[in-house]
Protein chains: 2
Amino acid sequence: MSLTDTASLHQRIRADIEARILGGDWPPGHRLPVEAELMTQYGCSRMTVNKAVSALADAGLIVRRRRAGSFVARPRIHSAVLDIPDIQSEITARGEAYAFRLLSVRRRAPARGDADEAELAGGGALLALRGAHLASGRPFALEERLISLRAAPAAAEADFALVSPGAWLLEHVAWTEAENRISAINADGPVAEALALDPGAACLVVRRRTWRAGERITNVRLVFPGEAYELVARFGPGQA
Amino acid sequence: MSLTDTASLHQRIRADIEARILGGDWPPGHRLPVEAELMTQYGCSRMTVNKAVSALADAGLIVRRRRAGSFVARPRIHSAVLDIPDIQSEITARGEAYAFRLLSVRRRAPARGDADEAELAGGGALLALRGAHLASGRPFALEERLISLRAAPAAAEADFALVSPGAWLLEHVAWTEAENRISAINADGPVAEALALDPGAACLVVRRRTWRAGERITNVRLVFPGEAYELVARFGPGQA
DNA sequence: CAGTGGTCTAGACCACCAG
DNA sequence: TGGTGGTCTAGACCACTGA
């Protein structure tokens with residue numbers, strides 16, 4: 001450990017629990033020990049346990065419900081800072097039917113000479129996917145994704161014809177950091193065709209990279225019809 | 001007040017102090033009462049006061065120093081990571097010369113029937129500006145901005161030929177909340193001409209609204225060449 | 001050195017809600 | 001309805017650091 005020495009007790013308890021969550025020992029939905037149990041585990045008073053667990057709740061890592069208990073939160077792509085809505089919820093929220101059409105999936109090594117892919121792979125293999133998000137049968141977004149099989153080995157067994165890669169990852173892999181790069185392009189032939197747009201129409205491109213505790217998880221590139229879609233981000237001066 | 005009723009005591013104490021800071025009663029650098037003083041003011045135990053003030057420290061609104069006391073934090077320069085980068089710093093960071101060319105500025109009432117403009121104005125008048133950000137003399141972004149003269153009366157006297165509206169506002173008006181809406185458009189004739197692009201070229205559009213403690217400050221619409229510019233946002237799962 | 005925040009305790013009562 | 005988290009108390013000792 002790193003801060004096991006100088007840190008205060010509630011900080012160590014918090015770090016301990018945080019490590020189990022980020023390490024995957026406690027997956028999303030896992031129920032934490034009740035406060036009384038943690039008191040005996042750490043040999044301290046309830047206030048101290050409560051301070052540690054409440055801090056994790058404030059940070060959004062866990063959800064606390066009276067009578068039910070405390071649970072590892074299902075990570076939401078809905079950060080306070082930049083809100084890239086989950087595409088499926090976005091579409092169903094509009095009252096449209098959502099579907100994901102998987103176009104291709106294959107396992108491969110990182111491309112030679114591509115340092116970013118190599119770092120993503122982390123010495124393992126990659127799962128490369130292409131697919132389309134459909135709203136009421138009409139194409140809504142194109143997705144190209146790479147998943148590190150080292151970070152998410154279970155992805156090799158997942159059936160992405162049934163659940164979109166993004167939704168699957170949200171359910172199975174906790175993330176601690178993400179980066180979006182947003183730009184605009186003119187739709188070229190294949191993209192225009194896939195999105196049912198006129199060639200040259202403006203499209204919004206979001207490239208997202210995701211980490212869990214410093215380890216790369218996935219890269220995704222999403223293409224949206226530019227005039228029909230809008231990304232919304234709401235935030236304050238914030239800490240970072 | 002709003003949450004004075006149902007909220008817990010430490011939440012009310014926190015909201016109370018927060019209101020004094022955001023309202024300007026306690027300016028940056030102001031020293032807060034010591035915990036013992038707050039105990040008597042609110043008639044509660046020190047733990048309760050501590051919880052409220054510590055939460056404000058976590059939120060970055062105040063800074064606590066042993067022996068010295070607790071002080072209202074000096075607002076940081078631009079949250080750096082998240083918000084859309086200040087265009088001037090962005091350009092100078094690339095080693096290019098920055099300039100802002102003011103195209104028009106006038107004072108006017110909110111447009112009839114435009115509820116958003118009416119809310120922005122808050123019963124006062126608006127300052128409407130148009131201008132271009134230049135990098136090494138070449139157009140880099142177009143800006144259309146509305147400033148609430150009720151929220152920022154000093155803007156009426158500012159010389160936006162010398163300093164861009166965004167930079168001026170950052171210097172003179174603290175903000176507590178902002179919202180970005182990002183989309184893509186094809187450049188029409190005037191926009192293409194102003195940005196020196198081919199007609200139809202994909203452009204990134206950022207519309208930002210800014211608040212201070214619930215009061216609207218400014219609306220801005222920025223148009224960037226889509227393929228030459230990229231917005232980057234990095235973030236964690238976050239609280240809200 | 002003394003005043004400040006940082007931490008911790010061993011209780012207590014309460015609100016809530018899933019079983 | 002009982003178990004859970006939410007809150008609060010009235011103390012206590014300690015670490016730090018500015019006057």
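Order of the sequence lines fixes the chain letters, A, B, ..., with proteins taken first and strands second; residue numbering starts at 1 for each chain.
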TODO: Round to the nearest Å and state the distance from B/Ile62 atom CD1 to C/dT4 atom P.
DONE: 15 Å

TODO: For B/Thr92, check side chain to side chain donor-acceptor pair (under 3.5 Å) against everything at least two apart and list the hits.
DONE: none

- [ ] Keeping the roles fixed (side chain from A/Arg208, backbone from A/Glu179), state whether a donor-acceptor pair exists under 3.5 Å.
- [x] no

Open item on the list: Between A/His133 and A/Phe140, is the ring centroid distance below 6.0 Å?
Closed with: no

Task: B/Arg31 side-chain N/O to B/Ala68 backbone N/O, donor-acceptor pair under 3.5 Å - done: yes

Task: Spacing of A/Phe71 atom CZ relative to C/dA18 atom P, expressed in whole Å - done: 10 Å

Open item on the list: Output the pairing pattern of DNA chain C as a dot-bracket string, 5' first, Watson-Crick or G-U wobble with both distances under 3.5 Å, | for cross-strand pairs, [ ] for crossing pairs.
Closed with: ||||||||||||||||||.

Task: Nearest heavy atoms of A/Ala59 and A/Arg14, plus distance in Å - done: CB-NH2, 3.8 Å

Task: Closest contact, heavy atoms only, A/Arg212 versus A/Leu22 - done: CD-O, 3.1 Å

- [ ] To the nearest Å, give me how far apart CZ (B/Arg67) and C1' (D/dC16) are.
- [x] 11 Å

Task: N/O (side chain, A/Ser70) to phosphate O (OP1/OP2, D/dG5) under 4.0 Å - done: yes

Task: Reported CD-to-OH distance for the pair A/Gln88 and A/Tyr98, which is rounded to 0.5 angstrom - done: 5.5 Å

- [ ] Any chance you could list the contact pattern along nucleotides 6-13 of chain C? Use B for base contacts, S for sugar-phosphate-only contacts and - for none, protein heavy atoms under 4.0 Å, 5' to 3'.
- [x] BBBBB-B-

TODO: Please determine if A/Arg64 forms a cation-pi arrangement with A/Phe71, meaning its NZ or CZ atom is less than 6.0 Å from the six-membered ring centre and no more than 45° off the ring axis.
DONE: no

